[in-house]
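Chain letters run A, B, ... following the sequence lines, proteins first and then strands; every chain starts at 1.
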Amino acid sequence: MPELPEVETIRRSLSRTITGKKIKSLDVRTKKLFIGSSDDMIGSTIISLKRWAKIFTIVLSNGRFVQIHLKMSGELLYAKDSKNAELKNILPRAGSKKLPNKHTRIIVFFTDNSALYFNDLRMFGWMKVTTKEEKPKSPDALSREFTVDHLQHVFCSTKRSIKTVLMDQEKMGGIGNIYANDALWQAKIHPARAAISLTITEIKKLHRAIIEILKEAIKYKGSSAKDEMYVLPNGEKGQYQNHLKVYHRTGSPCLRCKTKIEAMRLGGRGTFFCPKCQK
DNA sequence: CTGCGGTCCTGAAGGC
DNA sequence: TGCCTTCAGGACCGCA
């Protein structure tokens, strides 16, 4: 499930490959995933790719913005030759290695015959064309606005569990289930703690932990654990799944104290923690 | 404001 | 082997 590190990894990769390319045509195979008019993209050149939290924004030369949310199972795949597109390394359940495949929902063709494929097995994701960039007011977790003061302000007014608040995109952007779990382990804070109960020392520690974990995940190009279909635009997997702290590590020893990692449900989500060192 | 459960959707995993 | 049920999960929505 693409979270901030995965989306950022894809953004960096695509930024190198599709910036400057001119859009020739679109093939919208699954209409429900496309919002707006695909005609608004045709003939336009890609100026840049931006990211806020888990949302991509492709800036077009005609003043429009293409925004993309991959949600659970979305993938953005790039092929230089759309007439004969085949990826290496792509996870088997993402359909076949050939593109397009059964999970291909939208294809953006460029004038040089390369193409961008929006694949999405579960079809929760979306792509939309807008005339202005839409983004929530909350700070992206790797932005300058993501400060200790902001966290303190958010936490002091709610009794909700700290993990639920970290994943609330209205409060801060980019943290999903994997990195909420791992950041709380890094900060030695129990996920079920009421946000309001955190001390200033703990908030500082958590703030640092969030940034460290997200940066580490970007370093490893995101997480492609067994449940995740996340792949880079060339079909390559990320490697953070080999560096997970607690996520999906139920029964395995804590990396700090060797205590067995436990699992619980919190806000309907799988939650993993060390019962000894997370207080 | 808060939690809770349902919804979207598919395929993996488990039961028998 | 194969059918059937259950479940995961980001965001959102209605309800208590």
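- For A:K102 and B:dG11, the shortest distance from a side-chain N or O to OP1 or OP2 is below 4.0 Å.
- Comment: A:D112 does not engage A:K80 in a salt bridge, judged by the lack of any side-chain N to carboxylate O separation of less than 4.0 angstrom.
- The residue among A:K32 and A:S161 whose nearest nucleotide of DNA chain B lies closer to the 5′ end is A:S161.
- Each end of the helix from B:dT2-C:dA16 to B:dC16-C:dG2 gets its own rotation axis from five pairs of C1' atoms, and the angle between them is 60° to the nearest 10 degrees.
- At the phosphate of B:dG3, OP1 or OP2 sits under 4.0 Å from a side-chain N or O atom of A:R160.
- A:M123 has its CE atom 9 Å from the P atom of B:dG11, to the nearest Å.
- Among the nucleotides B:dT2, B:dT10, C:dG10, the one closest to the side chain of A:T158 is B:dT2.
- Protein atom NZ of A:K171 is 11 Å distant from nucleotide atom C1' of B:dT2, rounded to whole Å.
- Stacking between A:F124 and B:dC8 is shown: the ring centroid lies under 5.5 Å from the centre of the six-membered base ring, and the planes differ by under 30°.
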Within the sub-3.5 Å range, which N or O atoms of nucleotides 11-14 of chain C have a protein N or O partner, and how far apart are they?
{"unit_1": "C:dA11", "atom_1": "OP1", "unit_2": "A:H69", "atom_2": "NE2", "d": "3.2"}
{"unit_1": "C:dA11", "atom_1": "OP2", "unit_2": "A:K54", "atom_2": "NZ", "d": "3.1"}

Per-pair distances, 0.1 Å, donor-acceptor, side chain in residues 258-267 of chain A, under 3.5 Å, sequence neighbours excluded:
{"unit_1": "A:R265", "atom_1": "NH2", "unit_2": "A:G268", "atom_2": "O", "d": "2.6"}

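- Ring geometry for A:Y78 versus A:F110: interplanar angle of 30 to 60°, hence tilted.
- The salt bridge (charged side-chain N to carboxylate O under 4.0 Å, His left out) check on A:K188 picks up nothing, with sequence neighbours excluded.
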In residues 22-30 of chain A, what donor-acceptor pairs under 3.5 Å come from side-chain atoms, sequence neighbours left out?
{"unit_1": "A:K24", "atom_1": "NZ", "unit_2": "A:N113", "atom_2": "OD1", "d": "2.9"}
{"unit_1": "A:D27", "atom_1": "OD2", "unit_2": "A:R29", "atom_2": "NE", "d": "3.2"}

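- In this pair, A:Y220 and A:Y240 present their aromatic rings tilted. The plane angle is within the 30 to 60° band.
- Rounded to whole Å, atom P of B:dG11 lies 12 Å from atom CG of A:N119.
- Ion pairing between a basic and an acidic side chain is recognised when a charged N comes within 4.0 Å of a carboxylate O; A:E216 and A:K245 show such pairing.
- The distance between atom CG of A:D120 and atom C1' of B:dG11, rounded to the nearest whole Å, is 13 Å.
- For the salt bridge (charged side-chain N to carboxylate O under 4.0 Å, His left out) condition, no pair includes a residue of residues 143-152 of chain A, sequence neighbours left out.
- Contact annotation: A:Y247 side-chain N/O to C:dG9 OP1/OP2 distance is under 4.0 Å.
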